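Just below is one structure, and these are the notes that go with it.
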Amino acid sequence: MEYDFQSIEQQWKKYWSDREIYKVNNDSRKPKFYILDMFPYPSGAGLHVGHPLGYIASDIYARYKRLKGYNVLHPMGYDAFGLPAEQYALETGQHPAVTTKENIARYRQQLDKIGFSYDWSREVRTSDPKYYKWTQWIFMQLFHSWYDRGQQKARPIQELITIFSSEGNQSVPCPEEDQPAFSAAAWNGYAVHEQRTILMKYRLAYLSHAEVWWCEGLGTVLANDEVVNGVSERGGFPVVKKKMNQWFLRITEYADRLLDALNTLDWSDAMKEMQRNWIGKSSGAQLRFTLAGAHAGKGYIEVFTTRPDTIFGVGFMVLAPEHELVQTITTPEQQQAVNQYQAYVQSRSERERMSEVKQITGCFTGAYAVHPFSGAQIPVWISEYVLAGYGTGAIMAVPAGDDRDHAFAKHFDIPIINIFGDRYNGEAAYSDKQGTLSNSDFLDHLEIPVAAETAIKAIEELGIGTRKINYKLRDAGFSRQRYWGEPFPVIYQEGIPYTIDEPGLKIPDELRALPVTLPEVDSYHPGPEGQGPLANINKWVNTPAGPRETNTMPGYAGSSWYFLRYMDPHNDTEFAGRAATDYWQQVDLYVGGTEHAVGHLLYSRMWTKVLYDLGHISFDEPFKKLVNQGMIQGSSRFVYRYKHNRGLFVSQEQRITFLESQGVRTAKQALEDNFDKLHVDISLVDGLALNIEDFKKWKPEFAAAQFVLEPDGQYICAAEVEKMSKSKFNVVNPDDIVAQYGADTFRMYEMFLGPIDVSKPWDTKGIEGVHRFLKKLWRLYVDAESNWLVTRDEPSAEELRCLHKTIKKTGEDIERFAFNTAVSQFMICVNELTALKCHKHEILEPLIILIAPFAPHLAEELWHRSGHEGSVLDAPFPAYEEKYIAEQSKKYPVAINGKTRAELELPTDATHEHVEQAVLTDATVQKWLEGKAPKKVIYVKGRMINIVV
RNA sequence: GCGGAUGUGGUGAAAUUGGCAGACACGCCAGACUUAGGAUCUGGUGCCGCGAGGCUUGGGGGUUCGAGUCCCUCCAUCCGCACCA
């Protein structure tokens with residue numbers, strides 16, 4: 001019987017689910033291993049062949065670890081709240097819960113075809129009230145916590161209240177700088193709403209009237225990481241800054257810990273670097289410049305600088321156009337110019353601002369600041385290159401040492417003070433931090449790092465500023481004006497927000513219970529005044545105790561802790577039992593794309609740290625090792641339509657000849673002007689050759705299409721690698737591949753395609769090679785008449801060598817995620833065994849186990865045919881023995897140090913002992929040895945040597 | 001501009017520590033079997049050259065007995081960030 005993957009795969013899938021082979025227990029004497037995929041958002045389009053790449057890799061690793069004797073947790077679930085389902089609801093009125101459920105069912109169907117070893121009894125869905133009950137609970141913990149900078153950890157807010165009432169807030173600096181100090185007496189005298197307003201400035205989840213990204217197109221606020229290039233990540237709608245009352249997570253308090261702990265993680269450098277960039281820590285000084293002349297005494301300009309050493313190079317000051325001081329200091333003469341400039345900045349969209357970074361604009365305010373050391377008068381400008389949201393929104397500009405300041409000075413003809421001697425050439429700023437300073441008073445002749453320290457000390461002594469560390473990281477917006485998300489467990493009384501578990505809140509008991517479930521709505525349209533759809537449901541909003549919060553939580557809320565829920569998914573009394581989290585600990589291996597570098601992966605890290613600080617779990621990093629899989633791209637095909645006759649399609653190579661026949665003289669240059677390039681569905685194309693009859697039937701408008709063909713009668717299409725998407729007609733559905741070749745072939749081929757972390761286009765043709773390999777493997781065990789061929793004969797040395805080499809190589813390859821070369825090694829092994837006509841039990845049985853992670857269905861079939869009970873996954877992974885892998889080439893060295901055997905006067909059948917003798921007498925070699933005896937003489941594949949002295 | 005990564009046949013790629021570059025597979029060529037082949041099997045296939053032989057890991061330089069691998073430099077591509085003071 002030939003390899004019948006259809007019936008084999010069907011049969012073993014049933015066996016696995018009937019016997020719950022993949023069910024994982026929380027108590028086991030085996031060592032644990034937690035391997036997790038980033039759970040998908042179940043979109044309406046279903047899976048294409050690119051999606052399972054990471055899932056297959058993690059599944060192979062999970063199965064391998066199980067063979068290695070680990071208790072492996074390998075779950076799957078769905079990130080089920082999200083915008084697309086709600087947008088779809090807006091268009092169709094279909095409830096997001098319904099679409100989401102349908103999409104999940106389809107995802108599950110597709111995933112099941114591929115044969116994953118997920119423990120589906122642990123499935124989580126973030127939109128399930130039993131799940132988001134705990135998302136809401138964690139939110140309440142965040143609300144009830146503050147960050148103690150002294151102890152560097154989150155603590156219960158109750159402990160902060162105790163501190164306030166006994167000693168005020170002197171010892172606990174407030175993250176929000178506008179909070180003045182108060183004494184215990186003052187605190188105790190405050191009314192409830194005053195106390196709660198102050199506490200809000202400490203809470204890790206807090207309500208604040210602050211600037212947020214508002215996206216009109218989506219009708220909601222977005223977090224920083226959801227805004228890309230000045231437009232919304234989803235939908236690409238423009239965004240604007242807007243002040244709104246919003247919930248935030250105080251992630252900035254964790255900036256240092258998030259940064260430092262990166263060093264302990266086994267993540268790619270690129271990934272860590274992205275997080276470092278996003279956190280954006282920089283250290284320097286913050287200092288004040290007083291104003292000169294008429295403005296003296298009317299406040300000061302506070303700046304942040306990373307280069308306090310360049311203080312004597314300050315040529316001018318720049319404020320952000322929105323800076324609050326601008327109106328105060330602008331002189332009457334400059335008032336009109338400043339107003340115009342501010343209006344111009346206001347008129348520019350975020351997008352324009354970003355795309356025209358190089359453009360230099362600005363306006364002089366007429367005011368001057370005073371240099372704190374030299375007393376010099378420094379002109380004060382405003383410019384959009386200074387951002388209101390970073391540092392203090394104002395800078396001291398040092399044109400000799402900063403490229404932007406330099407360009408600005410040149411553009412507006414502001415004198416440049418050279419403090420770098422010869423290293424500044426007048427053409428470009430010298431921004432290296434090397435060498436000594438000049439023209440800098442007490443900093444002269446000091447090396448830059450020393451000068452920076454000296455300057456900071458001087459600034460502190462003068463009392464005009466301090467050493468300061470700044471971060472780019474902003475607190476994360478946590479409110480969305482949407483329906484399809486977790487409702488906040490928050491009720492307002494007298495304008496004060498309370499979580500429903502607070503004793504101070506007077507509400508009926510039934511309103512205290514979690515989850516606060518999402519109510520049914522008639523319309524998914526936004527509520528009044530930029531509120532979410534929930535605001536329209538009076539009955540739900542207005543409880544007897546007061547109005548509810550009508551925003552919902554953002555998409556990242558549910559995904560920030562889901563890895564914990566898998567450990568104990570059915571727990572009704574805790575987010576996860578302590579015994580379960582203590583047993584499973586961190587995710588040992590997390591597999592997913594790079595697109596979550598600064599969103600999900602940062603928020604998850606923060607939530608984990610908070611839960612750790614509050615004593616709920618025993619680890620403070622969620623993902624020990626992270627592997628990023630690349631994308632599988634689509635290979636699109638195009639036809640060329642003649643612009644002057646839209647029914648005529650010209651084959652790729654015939655275009656120039658065709659244009660010439662139409663009298664176009666510079667035909668080569670005119671290609672783009674005369675042809676439209678249209679995507680054509682890849683199912684209508686074989687390689688590059690278009691199936692003309694199918695093409696005519698594809699769309700009615702092509703029914704009467706005419707063609708200019710190649711001499712051999714074919715229509716040749718153009719090809720391009722693009723993202724796989726429906727609109728590009730280049731989607732390959734894994735269902736089709738599995739139907740044609742089987743899941744095992746599909747799995748192995750995805751791995752064979754190349755290294756797991758690089759992107760590559762899908763090419764269906766190459767799959768034949770892998771399929772052929774599985775058929776060859778099958779034939780080692782079973783002949784055409786379905787006879788079991790495996791014998792008990794003694795294996796030969798060659799056969800043993802082949803097996804042990806394969807055990808060693810594939811084991812090592814799997815450990816380092818080089819699944820492509822592991823597959824290659826299997827192919828080599830099977831080719832060799834086929835050539836040797838080897839059907840020996842002692843060789844073939846370990847091979848079944850080796851191949852089980854890659855081709856699980858086939859492996860089970862062979863395992864059972866060879867007389868075993870139970871799953872192959874419970875067999876031990878075979879060990880290799882070095883003695884079978886010995887290098888034969890060691891016996892035949894032919895050259896040393898580039899010298900041939902003849903030159904060394906060695907006999908033609910020289911062994912390595914001969915060569916060793918030659919080494920010891922060779923003059924050149926003696927020279928390197930410097931009279932010492934060689935410690936080790938290494939022969940490499942019989943050609944050259946390396947001598948270790 | 002800054003940061004990270006990557007450059008190897010017609011294609012996807014191997015080469016784990018500096019040690020026979022191109023494994024394995026696709027594609028292509030030739031052959032066998034076949035009524036047929038989009039089945040199966042065998043052989044060939046980096047480039048130049050009839051050949052002996054020469055050349056070859058983006059370009060240039062360096063270290064080394066020996067470099068795809070290490071160092072310097074330039075170039076190209078991809079990803080991320082982007083007026084972050």
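None of these values were measured; they are calculated from a predicted model. The figures that follow rest on heavy atoms only: side chains count, while hydrogens, waters and symmetry mates do not. Just so we're on the same page: letters track the sequence lines, and every chain starts at 1.
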Does [X] put a side-chain nitrogen or oxygen below 4.0 Å from OP1 or OP2 of [N]?
X: A:Lys775; N: B:rU40; answer: yes
X: A:Asn831; N: B:rA25; answer: yes
X: A:Ser268; N: B:rG4; answer: no
X: A:Arg772; N: B:rG38; answer: no
X: A:Arg276; N: B:rG80; answer: no

Using atom names, set out every protein N or O paired with an N or O of nucleotides 9-15 of chain B below 3.5 Å, distance rounded to 0.1 Å.
| unit_1 | atom_1 | unit_2 | atom_2 | d |
| --- | --- | --- | --- | --- |
| B:rG12 | O2' | A:Leu753 | O | 2.4 |
| B:rA14 | OP1 | A:Asn820 | ND2 | 2.9 |
| B:rA15 | OP1 | A:Arg816 | NH2 | 2.9 |

Can you measure [X] atom [atom1] to [N] atom [atom2] for me and round it to whole angstrom units?
X: A:Phe819; N: B:rA25; atom1: CZ; atom2: C1'; result: 19 Å
X: A:Leu259; N: B:rG3; atom1: CG; atom2: C1'; result: 15 Å
X: A:Glu384; N: B:rC83; atom1: CD; atom2: P; result: 10 Å
X: A:Tyr385; N: B:rC83; atom1: OH; atom2: P; result: 13 Å
X: A:Lys837; N: B:rU42; atom1: NZ; atom2: C1'; result: 12 Å
X: A:Leu602; N: B:rG80; atom1: CG; atom2: P; result: 17 Å
X: A:Ile767; N: B:rG38; atom1: CD1; atom2: C1'; result: 15 Å
X: A:Tyr749; N: B:rA25; atom1: OH; atom2: C1'; result: 9 Å

Taking any heavy-atom pair under 4.0 Å as a contact, classify [X]: base, sugar-phosphate, or nothing.
X: A:Glu812; answer: base
X: A:Val386; answer: base
X: A:Ser282; answer: sugar-phosphate
X: A:Arg779; answer: sugar-phosphate
X: A:Leu387; answer: base
X: A:Gln825; answer: nothing

Could you check whether the rings of A:Phe289 and A:His371 sit parallel, tilted or perpendicular, using 30° and 60° as the cut-offs?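 The rings of A:Phe289 and A:His371 stand perpendicular, inter-plane angle above 60°.
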Kindly assign one of parallel, tilted or perpendicular to the pair A:Trp762 and A:Phe746, based on the angle between their ring planes and the thresholds 30° and 60°.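 Plane angle between 30° and 60°, so tilted.
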Taking only Lys NZ, Arg NE, NH1 and NH2, and the carboxylate oxygens of Asp or Glu, determine whether [X] and [Y] approach each other closer than 4.0 Å.
X: A:Lys765; Y: A:Asp763; answer: no
X: A:Lys281; Y: A:Asp256; answer: yes
X: A:Lys468; Y: A:Glu177; answer: yes
X: A:Glu273; Y: A:Arg276; answer: yes
X: A:Asp783; Y: A:Arg779; answer: no

Nearest-nucleotide comparison on RNA chain B, the residue closer to the 5′ end among A:Asp269 and A:Gln740: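 The 5'-side residue here is A:Asp269.
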Please tell me which of A:Thr834 and A:Ala394 maps to the more 5' nucleotide of RNA chain B, matching each residue to the nucleotide holding its nearest heavy atom.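 Upstream on the strand: A:Thr834.
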[atom1] gap between [N] and [M], integer Å:
N: B:rU57; M: B:rA13; atom1: C1'; value: 13 Å
N: B:rC26; M: B:rA39; atom1: P; value: 11 Å
N: B:rG80; M: B:rG9; atom1: P; value: 26 Å
N: B:rG22; M: B:rG31; atom1: P; value: 28 Å
N: B:rG54; M: B:rG58; atom1: C1'; value: 22 Å
N: B:rG46; M: B:rG10; atom1: P; value: 11 Å
N: B:rC55; M: B:rC65; atom1: C1'; value: 22 Å
N: B:rC20; M: B:rU11; atom1: P; value: 24 Å

Please check if the distance between the ring centroids of A:Tyr430 and A:Tyr424 is under 6.0 Å.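 No.
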Examine A:Tyr741 together with A:Phe5 and report whether their ring centres are nearer than 6.0 Å.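 No, they do not, as the ring centres are separated by 6.0 Å or more.
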Would you sketch RNA chain B in dot-bracket for me? Only Watson-Crick or G-U wobble pairs with both distances under 3.5 Å count, crossing pairs as [ ], other-strand pairs as |, the rest as dots. (((((((..(((......[....)))((((((.......))))))(((....)))..(((((..]....))))))))))))....
Is the base of B:rG12 syn or anti, if syn means a glycosidic angle within 90° of 0?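 Anti for B:rG12; the angle lies over 90° from 0.
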Answer yes or no for A:Lys625 and A:Trp267: cation-pi contact, defined as NZ/CZ to six-membered ring centre under 6.0 Å and angle to ring axis within 45°.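 A:Lys625 over A:Trp267 ring: no.
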Looking only at side-chain N and O atoms, does A:Ser635 offer a donor or acceptor that is under 3.5 Å from a partner on A:Arg637?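 Checked: A:Arg637/A:Ser635 side chains pair up, N/O donor to acceptor below 3.5 Å.
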Interatomic distance, A:Ile459 atom CD1 to A:Leu287 atom CG [nearest 0.5 angstrom]: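 So the gap between those two atoms works out to 4.5 Å.
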